[in-house]
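Step one of this worksheet: look at the structure below.
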Amino acid sequence: MRAEQKRCSSGNYDSRKGDTVKDQIEQVEIQDLDPFDVIDHVLPRSAREKMESTAKSEGEPPTGLFKLNRRDFLKASAIAGSLALIASNGLIHPQPAAAAAEIGGNKYIPAPAYAPGEVVKVENAADAFIKLLQAYNVDYLFWGTDDEIAPVVDKLTPLVIAKKPPHPIMGLNEFAAVAMAHGYAAVSEKVAVAMYGACQGPMNSHGAIYNAYMSRAPVLIVSALNANDGLPYCGQYWIDPGDLVREYTKWTNHFPNGSNLPAEFIHGYATAATYPQGPCLLSTFHNAWLQKMPDDSLTLPNPAKLSPPRAAVPNATSIKEVADLLVNAKNPLIIAGDLGRVSAAVTELVKLAELLGAPVIESHGSFTGFPWNHPLHQGFSSTELLKTADVVFVVEGSAPTVAKGAKLIMLDVDPVRAHALSSAGRLRETDVRLLGESKDTLAALRATIGTSELLKKRADEAIIKWNGDYTKLREAWKAATAKHLNDNPISEWRLADEVSKIMTEKTILFGWTYHSRSKVLYPGVQTNYPKSYIYTLGGSHLGQTLYGAIGAQLAAPDKQVIAVSGDLEWHMGHGGAALWSAAHHNVPVLYVIVNNHEMSQTKSGQMNIKGEGVTLNNWWAQEIFPPMSDYSQLAKAYGIYGECVKDPNEVGPALKRGLDAVAKNKQPALLDIWTASVVGIT
């Protein structure tokens with residue numbers, strides 16, 4: 001969406017006032033548009049400003065994007081997406097091979113910082129490591145400092161003074177280094193590099209590596225080893241980092257001396273970037289960094305010639321089979337899983353859904369896998385729609401239980417998960433299994449389906465229907481939220497409602513409390529752009545929100561990252577250390593702590609067994625007070641803006657003050673919001 005777009009009324013536009021807009025719509029040149037850009041193209045700036053002025057005069061607060069009426073939405077869809085392609089006589093109209101000419105491209109090829117093949121002098125392996133990072137245009141090295149990697153620190157020092165990349169971003173523990181790299185990789189869609197020392201390094205980083213593995217984040221981790229050329233030192237045993245994390249990394253390797261470094265780095269970088277992506281770990285003896293390179297030189301690699309293989313796309317026969325099933329379905333249903341990791345995949349899914357007029361369910365919403373304000377977005381629970389769907393297409397997700405006689409199609413980039421026969425321990429029969437990267441596969445499907453007048457008419461009718469269901473669903477969510485807006489103590493619903501008012505196309509919402517995401521976040525907040533919401537996929541190690549937000553902000557300096565964390569995650573995830581890293585490096589994240597003074601997830605489990613805790617109303621193992629912690633004092637101790645909020649009417653103003661402080665000071669800020677429990681509340 002263009003930067004100049006203004007926030008608009010969330011009310012439906014009255015078509016009776018839209019003659020000028022109607023005329024302008026009909027004059028817009030048909031072109032291939034990003035579906036997230038549809039409002040800008042269909043509604044020119046003057047028209048949008050006129051509509052916004054009308055909405056304001058009618059007393060409607062500017063809380064989100066326009067929701068067009070059915071007629072205008074269908075016109076917008078016809079212009080923006082696949083519904084505007086050339087008509088044909090049949091439902092299936094295969095497109096020429098040239099239509100998919102760009103399929104298979106790879107965006108993980110960095111532009112080299114030096115001339116490929118250039119020979120540069122290097123003092124030792126540590127010096128060569130820095131030159132390799134520069135050759136691969138690695139902007140940030142996420143760092144858990146230790147004495148075993150002192151030679152690398154030494155070679156980074158002149159660059160730190162000169163403020164040249166790679167810029168080391170320091171975490172006060174090794175979990176921090178990997179978690180920050182994970183956040184950077186998730187937003188930038190590039191390989192991120194983390195580094196730490198021996199022994200405690202891989203031990204402390206376990207949880208963060210597991211989070212990255214579950215999220216398929218391309219992170220390359222470089223670790224030292226507690227040995228000098230194979231001999232233990234300091235009374236410590238040989239602890240191989242690869243042995244500790246091999247179950248949840250794509251690849252690990254130990255290179256015994258510095259001369260092996262270039263080949264191992266290049267291999268690790270490409271492996272992390274290769275689909276399915278994930279973390280890789282390299283280790284070497286701690287004194288290997290001081291070893292000389294052959295001829296005291298390094299031939300700089302050409303990253304473009306050493307890039308990972310292009311993403312796979314299913315063969316044409318399989319694509320045609322799936323296209324036929326989707327087009328001939330009476331009630332197709334799309335379930336979006338993890339594809340939001342790649343922004344372009346979301347764009348392709350929007351185009352395909354609009355082409356088919358198919359509703360979309362997000363299975364867990366850990367990324368924005370489909371714009372939440374799109375009329376085809378039918379929420380986060382597929383239970384009801386699965387009862388009537390005759391073809392279910394799951395994109396990078398788990399196999400659901402489908403109705404008798406319904407067809408189930410699975411698409412995944414991971415060959416293991418793509419061919420898994422079970423979901424949550426239950427066997428699932430699948431009619432078609434596709435192995436391929438989502439973006440390119442969805443584009444190939446759309447090109448194969450083509451368009452026709454009959455398909456367009458059917459899609460138009462379906463979109464009208466789902467637009468009505470979308471409106472009813474959102475009205476129900478709004479009513480559920482409204483019940484708690486004036487609660488005192490502050491309800492999480494009030495916090496979500498206020499956060500939704502400050503969300504723009506320039507906002508990245510990172511995290512939220514695990515227990516209340518489906519109950520509070522999904523109904524209360526609209527995240528409508530790729531990467532506008534990010535949550536760790538499957539990994540349950542607390543702290544990812546706190547550190548990942550730092551990496552996310554560094555990856556997108558033109559965006560505003562808002563990291564929402566529970567008070568339990570703040571404690572378990574070393575929140576004070578994360579805040580120090582953000583303050584130390586002037587990373588302008590706005591931290592928001594949902595401080596309900598309890599462990600909601602474990603309290604929920606206690607309530608489920610309906611035992612003595614419920615009978616006696618005693619939650620000694622779940623409450624984390626006294627003391628009644630005021631985390632804003634920690635922010636003030638670090639010299640940054642902090643505020644404790646207890647009044648429901650101050651939540652919105654406090655969020656604005658926090659954002660203002662971040663913008664003014666170019667530093668992080670922290671809001672400690674004292675909220676009520678959501679456990680047992682509907």
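Computed over heavy atoms, backbone and side chain alike; hydrogens, waters and symmetry mates excluded.
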Side-chain ([X]) to main-chain ([Y]) donor-acceptor, under 3.5 angstrom:
X    : Y    : value
E498 : P648 : no
Q277 : P218 : no
Y638 : G576 : yes

[atom1]/[X] to [atom2]/[Y] distance, rounded to the nearest 0.5 angstrom?
X    : Y    : atom1 : atom2 : answer
E643 : L670 : CD    : CG    : 10.0 Å
T347 : L352 : OG1   : CG    : 12.5 Å
I221 : I209 : CD1   : CD1   : 4.0 Å
Q553 : M180 : CD    : CE    : 14.0 Å

Minimum side-chain heavy-atom gap [X]-[Y] below 4.5 Å:
X    : Y    : result
K439 : E348 : yes
E354 : H374 : yes
I502 : T507 : no
F142 : Y547 : no

Are L442 and L339 close enough, and set up right, to give a side chain to side chain contact (heavy atoms under 4.5 Å, CB included), and what steps lead you there?
CA-CA 11 Å; L442 293 171; L339 82 161; 4.1 Å; yes
Looking only at heavy atoms, which two atoms of I550 and S581 are closest? And how far apart?
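In terms of heavy atoms, the two residues are closest at CD1-CB, 3.9 Å.
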Taking atom types as modelled and ignoring hydrogens, do the side chains of T368 and S532 form a donor-acceptor contact shorter than 3.5 angstrom?
yes
Going by the angle between their ring planes, with limits at 30° and 60°, are F370 and H377 parallel, tilted or perpendicular?
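Tilted.
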How are the rings of Y269 and Y136 set relative to one another: parallel (under 30°), tilted (30 to 60°) or perpendicular (over 60°)?
tilted
Taking W570 as the fixed residue, which of T545, L546, N595 is the one that meets the side-chain contact (heavy atoms from CB on, under 4.5 Å) rule?
L546
Aromatic ring proximity, centroids under 6.0 angstrom, Y631 and H571
yes
Does a sphere of radius 6.0 Å around CG in N486 hold more than 12 heavy atoms from other residues, nucleotides or ligands, not counting ones at 6.0 Å or beyond?
no
